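Since we're looking at a predicted model, the values are computed, not measured. Residue numbers begin at 1 in each chain, while the letters A, B, ... track the order of the sequences.
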Amino acid sequence: MAITDRGDIKPNETYTFKGKLVRHEGKLTLMDADITEEPPETTIAEIKHTYDFDPKQEEVAVAGRLVAWRPMGKAIFGHIQDLLGKLQIYIRKDLVGEERFKFIKEFVDLGDIVGVKGKLFRTNTGELTVEVEDLQLLSKCLHPLPEKWHGIKDVEVRYRQRYLDLIANPQARQIFLMRSRLLAEIRRFMVDSGFFEVETPILQPIASGANAKPFVTHHNYLDMDLYLRIAPELYLKRLIVGGYPKVFEIGKNFRNEGVDTTHNPEFTMMEFYAAYWDYNDLMKFTEKLFQHLIDTVLEGKSEVTFEGHRINLKPPFRVVKYFDLLKEKTGKDKDFFLRAPIEELRKFATELGVKKPEALTRAKLIDKIFEKVGEPELIQPTFVIDFPKILSPLAKEHREDPDLVERFELIIGQMEIGNAYTELNDPKEQYQRFLEQLKEKQAGDDEAMEMDTDFIRALEYGLPPTGGEGIGIDRLAMLFAGVNSIREVILFPAMRPEGGEEKK
RNA sequence: GAGCCGGUAGCUCAGUCGGUAGAGCAACGGCCUUUUAAGCCGUGGGUCCCGGGUUCGACUCCCGGCCGGCUCACCA
């Protein structure tokens, strides 16, 4: 590190960068100075683990961010941190040499990325520590770190500068590590169950497969508008037509709607489809998936706390029929909801507190009423099954009741976590359902589904009997982490830009 | 989109019933070779979110705006 000899280093000058006070002029020049000669091949967690059962492996070389610094005359204690661990380092003047020690004291700051080499030992208090033989400054941190004890609490800073959240708040690291495990275990379970992972278009000429408002973009070369997908459903079913027995896709969906504690404009969904399955198979499979996630991600603990509720995620889950739940809560039966004059239904909805029912179609009214009276009680995991057909344009008619479809939603903590059905595979029927959606659209439902004629054509080639399901990964992560905001489980949640006055 | 609440040092916060602000940590200068929220002595640091109004005087009161949080509406 010849850099210590540089004459142009002026350690006591301060300067500002974009209005923020940052560190020494001299230290800034150090910023690009060091290249790692030997990238560390180990991590802090690994070192601790190895040393535990083989204390002879005491020579280590490891790198991390300096998060504590306690200089005391001729020796310095500090802690370096990486994603998975924290390790104490001990620097003695007589060991590293006078010149080196002076350099370290002068130019190394809290927050810097450093590499250390040395021998492991235990201090008087028993803490595993590296006795530093050499310390290399690998990168400068020009800003002071957030407060060591309280971390960073301002949620706005935590979301905008997530890297600071990750450096300073161990809880944040824990949540995102859990999310990574969750995704890995879901993938493992799906692949082990015979599913093929696929990728389907995010830019779609028709945004279909769900009821939602899409984002619109434009392709210059093709000179056409495209939509960011609101769901991958219709593409995945085309793949079942094409011969895949089982497929799944994990990816972002985009819906141009509100932002709140359970909604982010882009969110992660897993959708999966299995030929020859029906919604009963899907329920069994979903329970097995949950059991796997409890065993792995939650390390066997099936109880989580969410919004003040203790929720037990252990299957089997409660099953309740859609109209049974409505009847129990309202005293009205299926025929009332599906066949009573719409004015009467609107009047009833008004009594329950549904806003502006005059603007709503029958399907929307039923949906609203269900949300008002049904969902509030659904804290423990519950499959709500046998939805009305008019709410489910892509689901197959129920084998016992033509008013219904073979569909369920998995609701946990009042959140819709999963949505699944025996897929409608009759092209003529699907065409009719799309036409009904167009009517809904004309009747004022701007989220009614779009007609997709190529999808109809695919069905004409024969979609085997198929079961399909979507699971909201972000919400699942919320449950597993026990946090009540979707922003706590999305690394970079949607935010308005900083300095809003400058826009336009 | 509506209502309520918030924005003070790099961070966590206090404060001013209207007279231009403090603490701890962090930083800077010293002392200190087993400390760990190290310790001891000393020092510096703020357009009090932005703009306008009222006032002799605004960080404080009023109005508008920006950003965020919560609740509601919409949605998964």
Quiz item: Do the side-chain N or O atoms of K105(A) get closer than 4.0 angstrom to the phosphate oxygens (OP1, OP2) of C32(B)?
Solution: no

Self-check item: G68(B) OP1/OP2 closer than 4.0 Å to side-chain N/O of R496(A)
Solution: yes

Practice problem: Give one of base, sugar-phosphate or nothing for N253(A), where a contact means two heavy atoms less than 4.0 Å apart. | Solution: nothing

Quiz item: Take atom NZ in K441(A); do more than 12 heavy atoms of anything else shown fall under 6.0 Å from it?
Solution: yes

Quiz item: For RNA chain B, whose closest nucleotide is more 5', that of Q88(A) or that of D154(A)?
Solution: D154(A)

Self-check item: side-chain N/O R487(A) vs C70(B) OP1/OP2, d < 4.0 Å
Solution: yes

Quiz prompt | Nearest-Å distance once atom P is located in both U47(B) and A37(B) | solution = 32 Å

Self-check item: Given U34(B), A27(B), C74(B), the nucleotide with the shortest approach to the side chain of K368(A)
Solution: C74(B)

Exercise. Could you tell me whether R158(A) contacts a base, only the sugar-phosphate backbone, or nothing, with contacts defined as non-hydrogen atoms closer than 4.0 Å?
Key: nothing

Practice problem: Assign each of D260(A) and I152(A) to its nearest nucleotide of RNA chain B by heavy atoms, then name whichever residue's nucleotide is nearer the 5' end. | Solution: I152(A)

Quiz item: From the list A37(B), C74(B), G10(B), which nucleotide is the closest neighbour of the side chain of W149(A)?
Solution: A37(B)

Self-check item: E147(A) side chain, from C-beta outward: closest of C32(B), G68(B), C11(B)
Solution: C11(B)

